[in-house]
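Values in this document were obtained by computation on a predicted structure and should not be read as measured data.
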Amino acid sequence: MRAEEVVMLDPQAYRDAMSEIASPVHLVATDGPAGLAGMTVTALASISDHPPTLLVCINRNSPSAARFIENGFFSVNSLCVEDRPLAEIFAGRTNEHFAEKFTHGVWRKGLTGAPLLESALANFDCRLIEVKDVGTHHIFFGRVEAVARRDEGPGLLYQRRGYRRSAE
């Protein structure tokens, strides 16, 4: 392709197109020497089942990002529809920060010490094995040390800038 044929993509057009993709909603959480932190994410993918590895993307400007890196462990908690209020809290749509967010929901410590949400459809307890920076985000690669799942209820999705219910 010649240089004059390259079309610069408008970032807003990209975000608008991405909003059409329904994505499961997760809370990622960490605890350790750097302290408690958690946030709502939709950018998550399975990498491998041998060894079990996943990735999650977190904005580098997030005040919580450094805590995830310093602690070295994190959990991924896949939300059910009833957990929508938690998605809002952990997305920063309230005035609660860091440990304050964890006063909502029922949490327990996982094998790694990362917080696990009891009501989640699935919990992934991860050891941070690598961090890559791409664009505005850190990509955290986590080796999954333990999992738990609840085999009931619809998942929470995010599409067209709003929450949706997955099929059961």
Is it the case that the side chain of [X] and the backbone of [Y] share a donor-acceptor pair, with hydrogens and angles ignored and the cut-off at 3.5 Å?
X: E100; Y: H97; result: yes
X: N77; Y: L27; result: yes
X: R67; Y: L36; result: yes
X: T112; Y: G110; result: no

Kindly determine whether I69 and F140 satisfy side chain to side chain contact (heavy atoms under 4.5 Å, CB included), including the steps that lead there. CA-CA 9 Å; I69 294 168; F140 292 163; 3.8 Å; yes
| If we only count heavy atoms from C-beta on, is the T40 to V25 side-chain gap below 4.5 Å? | yes
Shared ILVMFWY cluster between [X] and [Y], side chains joined below 4.5 angstrom?
X: L116; Y: V56; result: no
X: F102; Y: F74; result: no
X: V28; Y: I47; result: no
X: V76; Y: W107; result: no
X: M18; Y: L44; result: no

Are R15 and D10 close enough for a salt bridge, meaning some N to O gap below 4.0 Å?
no
L157 and A22 have their tightest heavy-atom pair at CD1-CB, 4.3 Å
Which value, rounded to the nearest 0.5 Å, describes the distance between [X] atom [atom1] and [Y] atom [atom2]?
X: F141; Y: L128; atom1: CZ; atom2: CG; result: 10.0 Å
X: N123; Y: S78; atom1: CG; atom2: OG; result: 8.0 Å
X: L121; Y: E152; atom1: CG; atom2: CD; result: 8.5 Å

Atom CG of residue position N95 - does it have more than 12 heavy atoms of other residues, nucleotides or ligands inside 6.0 Å?
no
